[in-house]
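Step one of this worksheet: look at the structure below.
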2 protein chains.
Amino acid sequence: MPERVSQATRERIAVAVTATGYTLNQAARSLRRQRAGTIVMAMPNAGNPYYSTILDAVLAEAGHRGYGVLVSNRVQGDPTIWLRDYFLSSRADGLLLFDITLDVSGMRRFMEERGNLPIVVVCDEIIEPGFNLVTSDNREATGRAVQHLVDLGHQHIGLVAGPTIHDYPNERTLGFRQALARHGLAMREDWIIAGDHSIGSGYQAGSQFVALDERPSAVVCANDEMALGFISSVQQAGLHCPRDVSVVGFDDIDMAQYVSPALTTMRQKRAELATISTSALIDIVEGVRDPAKPVRIILRCDLIARASTAPPKGAAVRPAREFRF
Amino acid sequence: MPERVSQATRERIAVAVTATGYTLNQAARSLRRQRAGTIVMAMPNAGNPYYSTILDAVLAEAGHRGYGVLVSNRVQGDPTIWLRDYFLSSRADGLLLFDITLDVSGMRRFMEERGNLPIVVVCDEIIEPGFNLVTSDNREATGRAVQHLVDLGHQHIGLVAGPTIHDYPNERTLGFRQALARHGLAMREDWIIAGDHSIGSGYQAGSQFVALDERPSAVVCANDEMALGFISSVQQAGLHCPRDVSVVGFDDIDMAQYVSPALTTMRQKRAELATISTSALIDIVEGVRDPAKPVRIILRCDLIARASTAPPKGAAVRPAREFRF
DNA sequence: ATGAAAGCGCTAACAT
DNA sequence: ATGTTAGCGCTTTCAT
């Protein structure tokens, strides 16, 4: 209540502040209030440009609410170790966990021990109950990506899949399989190529694709970076996109519209995802939100149709076996 | 000196630690030691994927040395405000200042007041004495980019320049101008197109290029993102790269080798820049380094020749004026 | 409406 | 080799 301070006192303070250049000591404040005023943003690899937009939005929202953002890459291995380190040390008040292939059972055990921790899982495809979650409709969106290809006339559709470290099914892969079944299309395991979301793995997937005896006429890639690598690879092998193969990506990274052919993709609202999750996390930290009701926000993706998809020129082709590759 | 603790005591401690799940309270430690154990990485816009690799390397090096990394976007305006906030509040011990178009005189004033602050300027093109600096040989490297085009036979070379917020000359633009002079090439001001390092601005520069009455046969772009946008733009306008225009980028972002045509570019050793600067900053923070001798490390860039540059098909062409654009 | 005092959890200095 | 103590700068509570 600023009204409770008299005008005169406020004057005196203001003068003293500017005169001495006083600034609050955050360490002392944190110690006394048992609150760091900081959240951690943890991701598998900060080197992925996918996170640029997200980081930007997290920074903005956290800053807006007076929180600092500590960024961390080290979220492999036993979660109890780093969870302990972040929370018990009062280094941070909350954790934004991005796309982590986490040891869910380990997390659960730790959280049962220590009571509910302010953690929000973001952009993850693993929809486990009990965790606060802000993500996209990955499964359904991948279904719509397939739908888009089917609408164009494709009957033979492959997948460049993302990493599948754990047993539980990857949502995008699941969505792909279900969509194929729904459309009564053949599901060929050799048309599902494994990747790890990096451009390089997309490029490799392209080589595998080119070497296939029979090739699908379209491919869904689990993210844009792999799609870009894939297209680059098949183009270098002498194939043309979309004439020889249509490609759909996922995410709509900034680059997607500036490559050629411009990439058809399912747009994830990354900035929104970041803002919502950050805001929710801080609500939890500040006790505004009822901890009994986990956050559970799933945003819809939008199909952005660009030039990398087109009707197929025919059925799956038996390739002439002499690629310069 | 771990030897000074008896085996028995060490046992007792270890047992107690695991039993109680004790973790050091960082806030208390920071308060007592007057040191945060944290550095700030400040950049103009975290949304730029250029920083992904850098962030990754900074995180690795800082973590290695036991420091947390606070990321910040808010470095516009009066530097005294945010400098005060970071340092006087003991929120952070040091500052990594990336590519900031900063108010140098304001910085100077503040640093004179407060004594030498642990700040390392990184990746900046502004080479001001007195600051700790880790950067690339921007001017010289841009000269080599021009050299590469000249070697291919180009006589008419344009520039898509980066942002020039301040009065002092941009190093890359300067390198370009000097190189042109050195080779005795004409310097046409309408062949210098302004950009802001974003893909979008490169795309716009492409439109301007296409609309030119007389066009250069090659263009140097001040960064890769603009180069990608530029190529995308001119290709959509019906021109071919490198047949109609050769393009050199700057940075060698991950994407550069996977676009088509693969981008010729001057590679900045971004990870190295990040590791070196982080390490130097922590040295300064810890008093290992003599503050009287500012750090001054300038790395050489490497020309990565790819498919976006080729010999010109002829002299600067007078375009037929009917682009579908 | 303002002042005084206790204490958050650590570390460094000093005492044993 | 181990134990004790003061105090970092803030916030909160209690007293004026």
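Just so we're clear, the structure is a prediction, and the values are computed from it rather than from any experiment. All heavy atoms count here, side chains included; hydrogens, waters and symmetry mates do not. Labels below follow one simple rule: chain letters A, B, ... track the order of the sequence lines, proteins then strands, and each chain is numbered from 1.
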(message) For the backbone of B:Ala46 and the side chain of B:Asn73, can you confirm whether one donor and one acceptor N or O come within less than 3.5 Å of each other?
(response) yes

(message) Counting primed atoms plus P, OP1 and OP2 as sugar-phosphate and everything else as base, spell out the protein contacts along nucleotides 6-12 of chain D at 4.0 Å heavy-atom distance: B, S or - for each nucleotide, 5' to 3'.
(response) BBBBBBS

(request) Give the intermediate values and the outcome of side-chain contact (heavy atoms from CB on, under 4.5 Å) for residues A:Ile199 and B:Met255. (result) CA-CA 8 Å; A:Ile199 310 187; B:Met255 205 69 72; 3.6 Å; yes

(request) State whether the side chain of A:Asp196 and the backbone N or O of A:Pro163 hold a donor-acceptor pair below 3.5 Å, judged by distance alone. (result) no

(request) Classify the side-chain pair A:Ser90/B:Asn25 by whether it contains a donor and acceptor separated by less than 3.5 Å. (result) yes

(request) Considering only NZ, NE, NH1 and NH2 on the basic side and carboxylate oxygens on the acidic side, decide whether A:Asp56 and A:Arg270 come within less than 4.0 Å. (result) no

